[in-house]
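For ligands, and for the atoms within them, numbers begin at 1 and follow the listed sequence.
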Amino acid sequence: MDQPKTASAVVIGGGVVGCSIAYNLARRGLRDVVVIERETVGSGTTSKAAGGIRVQFPTETEIRFSLEAIRVFERFQDEFGVDPGYKKIGYLFLLSEEQQLRAFEPRIALQTRLGADVRLVTPDDARKLVPALRVDDLIAAVWGPGDGLAGPAEVTAGFARRARELGVKIIEGVRVQSLETAQRRVSGVTTTTGAISSALVINAAGPSAARVARLAGVDLPVHPRRRHIFFTEPFPAIPGPVPLTTDVTSGFYFRKELEQVLLSPGDVEDIGEDFDVPMDPGKVEDAVQKAIQRVPIIGDARIAGGWAGLRPLTPDDHAIIGWAPGVEGFFQAVGFGGHGFQHSPATGRYVAEWLLDGKPSLDLSLFDPGRFGRPRAGGGLKVDAE
Ligand SMILES: Cc1cc2nc3c(=O)[nH]c(=O)nc-3n(C[C@H](O)[C@H](O)[C@H](O)COP(=O)(O)OP(=O)(O)OC[C@H]3O[C@@H](n4cnc5c(N)ncnc54)[C@H](O)[C@@H]3O)c2cc1C
């Protein structure tokens, strides 16, 4: 496809976030939206996601993002003509320390108040849900039966397909090399195939977000960190479906994927921000050790393969959504960490509202790009789940 010379909006990045934003802008009637993707649609970190969707977040804004995602995934096939493989398998968090329990209790209250079905259950209840679990050292578990999973590739393809039908130009194999600004206002981008003038540029570059922001002289604390996922050979000894089960103390999580078991050591590692993320075979041992601690029978399974991807993390684990400080016309939708897939439907909707109505219908101040460096209240236990 030929690259146009002008656009009403240029979205940098054709991952699940960029495609959702482009779709929502076009659905709301904006014409001449262009997405620039240096590889192919959905081939970035979106292709590495485990597909998990949970309402079990600590803040009202994020819980509302998840509830919006569930609404979209439930009717995705009708709206996008693509089966997203959406299944409510539930999320189960295993707690072994008092401090974890104290941190989870107010979250469960908030999630319940917002209409989510999340319950504190006993270790024995957890074993009824997942009979292979070792529970003797647990003090409780948190069960969200409405949580689940969907296919990141299918969802991204659905957004991209409808976006194209609505007139969005998605240009693949082309990289944004520079951002043009005049008097601290964006005037366009220059790609490997030429210039596009546009008064609105949206950074949806996933793990490369900080590099893209620097093109306009903006510092963004988006730190890509590697995480591994491994899968076993078919393993009928753990019959499916299995909720996405996270051991909060070790970070290990697993679930069933068809006949195989999918497992992650919950690793967080700085290896830079290259597109190709190498897998470290040494992490297999880490994953298996943590797995055997929690699910002893996994010791009988054989690891058949795995992959690694980058999670674009921020210092407070919340995304960055809003105008870049100091550069007019440069919008950020980045830093989604381990939950960018599930929050992509809400991100697309609220970003489109913000850009077309002047303000989103949900308060997004949690994601304010200017918040870093300001003192913030709270903090509390970090639960590093997908
Ligand atoms: C192992 C793992 C498991 C995960 N599991 C889950 C999960 O269960 N649930 C969940 O919700 N999330 C999960 N995530 C997180 C999720 O994958 C990300 O948050 C999400 O995919 C981010 O989407 P994105 O569109 O912002 O990024 P990307 O998919 O990386 O898209 C950004 C795109 O920008 C392009 N780009 C970058 N720079 C340029 C440039 N200069 N010019 C043109 N194009 C450019 C890239 O090629 C890329 O395709 C997981 C992540 C990992 C690594």
Nitrogen or oxygen atoms of Ala333 and ligand 1 under 3.5 Å apart: no
Test of proximity, Glu39 against ligand 1: N or O pairs below 3.5 Å: no
Residue pairs, two or more places apart or on separate chains, that pass salt bridge (charged side-chain N to carboxylate O under 4.0 Å, His left out) and touch residues 14-31: Arg28-Asp357
Those atoms of ligand 1 less than 4.0 Å from some heavy atom in Gly309: 53 (C)
Nearest-contact summary for atom 23 (O) of ligand 1 - protein heavy atom, Å: Thr46 OG1, 3.4 Å
Check: Phe65 ring centroid to Tyr350 ring centroid under 6.0 Å: yes
Polar proximity ligand 1 side, Gly52 side, N/O cut 3.5 Å exclusive: yes
N/O separation below 3.5 Å, Gly338 to ligand 1: yes
Residue portion contacting ligand 1 (non-hydrogen atoms closer than 4.0 Å) for Leu310: backbone
Close N or O approach (Val174, ligand 1; < 3.5 Å): no
For atom 51 (C) of ligand 1, closest protein heavy-atom neighbour: Arg311 CG, 3.5 Å
Nitrogen or oxygen atoms of Arg38 and ligand 1 under 3.5 Å apart: yes
Proximity of Phe230 and Phe254 rings by center, below 6.0 Å: no
Under 3.5 Å: N/O of Ser43 near N/O of ligand 1: no
Centroid separation Trp143 to Tyr91 less than 6.0 Å: no
Heteroatom distance test (Ile12, ligand 1): nitrogen or oxygen, under 3.5 angstrom: no
Any N or O of Gly337 closer than 3.5 Å to N or O of ligand 1: yes
Centroid separation Phe57 to His343 less than 6.0 Å: yes
Test log, rule side chain to side chain contact (heavy atoms under 4.5 Å, CB included), inputs Leu25 and Ile202: CA-CA 12 Å; Leu25 286 173; Ile202 298 157; 4.0 Å; yes
Polar atom proximity, Glu37 to ligand 1 (N or O, under 3.5 Å): yes
